[in-house]
Amino acid sequence: MCGIVGYIGERDVTPVLVNGLKKLEYRGYDSAGIAVFNDSRISVVKTKGRLSSLEEKLCNIKLHGHMGIGHTRWATHGEPNDVNSHPHLSNNGNIAVVHNGIIENYMQLKDFLTGKGYEFISDTDTEVIAHLIDYNYKGDILKAVMNTMNDVEGAYALGVICSEYPDRIIAARKDSPLIVGLGKNENFIASDIPAILEHTRDIYILEDKEVVSITADGAEIFNLLGERVNRDVFHVDWDVSSAEKGGYEHFMMKEICEEPNAIKATISPRIQNNQIVLDKFHIADEFIKNCEKINIIACGTAYHAGVVGKYIIEKLARISVEVDVASEFRYRDPIINEKQLTVVISQSGETLDTLMAMREAKKRGSRIIAIVNVVGSSIAREADDVLYTWAGPEIAVASTKAYNTQLAALYLFALNLAKQKGELSEESYQCHITELQKLPQQVEAVLGDRELIQKFAYEHFNARSVFFIGRSMDYALSMEGSLKLKEISYIHSEAYAGGELKHGTIALIEEGTLVVCPLTQDYLMEKMISNIREIKARGAVVLAITTQKNEAAIKEVADVVITIPDMDNIFAPAVAVTPMQLFAYYVSVMKGNDVDKPRNLAKSVTVE
Ligand code: AGP
């Protein structure tokens, strides 16, 4: 996934583009570049490496103007290097393009254009677009972009400038997000809101297969047939600080510390007069009574929340749940019909695997409910119903508060289903609501314990491999703990069902092997204590995460015990995950890694 910005107006465009890219580096950061219209032509400065490398280059090259586009890259086609970085130019230098997405038919287009005499200098799919626009350009840049988009297959968010049109930027989108920022005598394009929030709160959200022509005075949106499209202005009500670090060393720590408020913001508006009210959507009683299955589809951390969601919904609402990784779901010819609900979970609402899987489920007749954090995102707009997580912007690549709030949303959803289906008495329903409302203060309590976690991380940050083992919801929770550690510490890790260890994997346990064990399910405590004894007998070092009432018993077997407040076990994952997030954070800091922008990753994967 990549970040795109564009500006046209009265200001010097270069600092506006660079500052905008800084706010989008979480989307990709292996190379960066800008294209600016100045002295009657387009000048491009681009480089491999972080944005700081581009800033260094720009110190020596005075690039000024009032119109331009910029890009920060997460490489898909073509390794990260100067030539493959964006913007890409047509051979005559008249057209510059920045792109987020993947052009699936780029090889066929490349062959066609090569046959027309175009010369390619990069290994990217994007360069094809620059030459194809040039090929389609007959004096009208807007038409040339529209015709090009009709020839292109795949996902794209595009920014285009043309030296014969110094007064406008053209942008287009299909499956990759793109917004238009509406200023006073200036306008912007961007992949995401943080890039333009310091300049304007009023935006247009482009829909799929739309092209927009932007001048300093305004923006006109068209479909690919060239027909004008009207769009309401969306007013962003985030506070600017929410997209800043706010005094924390890393966004990740800031976002972990925001978890109590994020959970509260997600739950509180949905509990009115001690009843759960799920925003605007209502599922008919008849449908729920006959609902034969609920599918949950997501990727990465959101998928792990979905696995916990299976336990929550099956336990409370007694409806069978099937959880799929989105990229697998799409290709297994799933058995889906109109008697099923499909819950799609995504922080960004732009993950292409999840978006495509949702479309597959919809095509097969299922009603779609999206649990999404970014308002107005593609998945939110295409779902039948949306249950937003109100976590606020999550900038760190490693998802934290989004996971906690996804679980909060799943609790609300499951309790509402259980009540509607008559699986819970009013008394039990009220008890669960009371427990649910305690989550923010319980996470707050865990955050107060972080020195112990930090100390353990300092003692073990050089581990070669770390196992996370658990049973039932704790196994689902272990998946997320393992991913968190992997993606920011680069230490190999694996989540394993505690009861499954003895069937092979315990062979890997040796002197000093680090194992993290969440033990939050009382009914499985004895079984897990046996598992800990088994691995301790083979030299493992065990960090246990358990409830206060079990602390003494677990201290008998584990090396270090982190406690969470006593609670109804079904809610434990939303709290017990926080120590795991903190553990991964401290290990990553100790290893000197870039915690917020770990290698090879991007915040939202808008490519397949
Ligand atoms: C989480 O820490 C990862 N960055 C990644 O697995 C992420 O959860 C996944 O790409 C799904 O993203 P989404 O929630 O925005 O759809």
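Counting convention: from 1, in listed order, for ligands and their atoms alike. For the single chain, residues carry numbers from 1 onward in sequence order.
Remark: among candidates Thr301, Asp353, Thr354, Val344, the nearest residue to atom 5 (C) of ligand 1 is Thr301, based on non-hydrogen atoms. Atom 9 (C) of ligand 1 has its nearest heavy-atom neighbour, among Ala326, Cys299, Pro598, in Cys299.
Summarising the geometry of Tyr311 relative to Ala476, their closest heavy-atom pair is CE1-CB, 4.0 Å, with the distance given to 0.1 Å.
Taking every heavy atom of Ala398 and a limit of under 4.0 angstrom, the matching atoms of ligand 1 come to 2 (O). Under a 4.0 Å criterion applied to the non-hydrogen atoms of Ala302, ligand 1 contributes the atoms 8 (O), 14 (O). Counting atoms of ligand 1 from 1 in the listed order, those under 4.0 Å from a heavy atom of Ser399 are 1 (C), 2 (O). The atoms of ligand 1 that sit less than 4.0 Å from any heavy atom of Gln347 are 13 (P), 14 (O), 15 (O), 16 (O).
The single protein non-hydrogen atom nearest to atom 15 (O) of ligand 1 is Ser348 OG, 2.7 Å, given as residue, atom name and distance. In terms of protein heavy-atom proximity, atom 3 (C) of ligand 1 is closest to Glu487 OE1, 3.4 Å. The single protein non-hydrogen atom nearest to atom 6 (O) of ligand 1 is Gly300 CA, 3.2 Å, given as residue, atom name and distance. Regarding atom 12 (O) of ligand 1, its nearest protein heavy-atom neighbour is Thr351 OG1, 3.4 Å. Scanning the protein heavy atoms around atom 10 (O) of ligand 1, the nearest turns out to be Val605 CG2, 4.1 Å.
Here Lys603 has no heavy atoms under 4.0 Å from ligand 1, in either its backbone or its side chain. The side chain of Lys484, and not its backbone, has at least one atom closer than 4.0 Å to an atom of ligand 1 (non-hydrogen atoms only; side chain from C-beta on).
A side chain to side chain contact (heavy atoms under 4.5 Å, CB included) with Thr389 is found for one member of Glu394, Lys401, Gln406, Gln347 and no other, namely Gln406.
The ring of Tyr411 has its center closer than 6.0 angstrom to the ring center of Phe571.
Ring orientation note: the planes of Phe413 and Phe281 are tilted relative to one another, at an angle of 30° to 60°. Ring geometry for His250 versus Tyr585: interplanar angle over 60°, hence perpendicular rather than tilted (30 to 60°).
Sparse packing is recorded around NZ of Lys264, with 12 or fewer heavy atoms of other residues, nucleotides or ligands lying under 6.0 Å away. Around the CZ atom of Arg464, the shell of radius 6.0 Å holds no more than 12 heavy atoms that belong to other residues, nucleotides or ligands.
Of the polar atoms of Val397, at least one N or O is found under 3.5 Å from an N or O of ligand 1, judged by distance alone.
Judged by the 6.0 Å and 45° rule, Arg173 forms no cation-pi pair with Tyr156.
Here NE2 of His460 is found 5.5 Å from CG of Leu514. Values are rounded to the nearest 0.5 Å.
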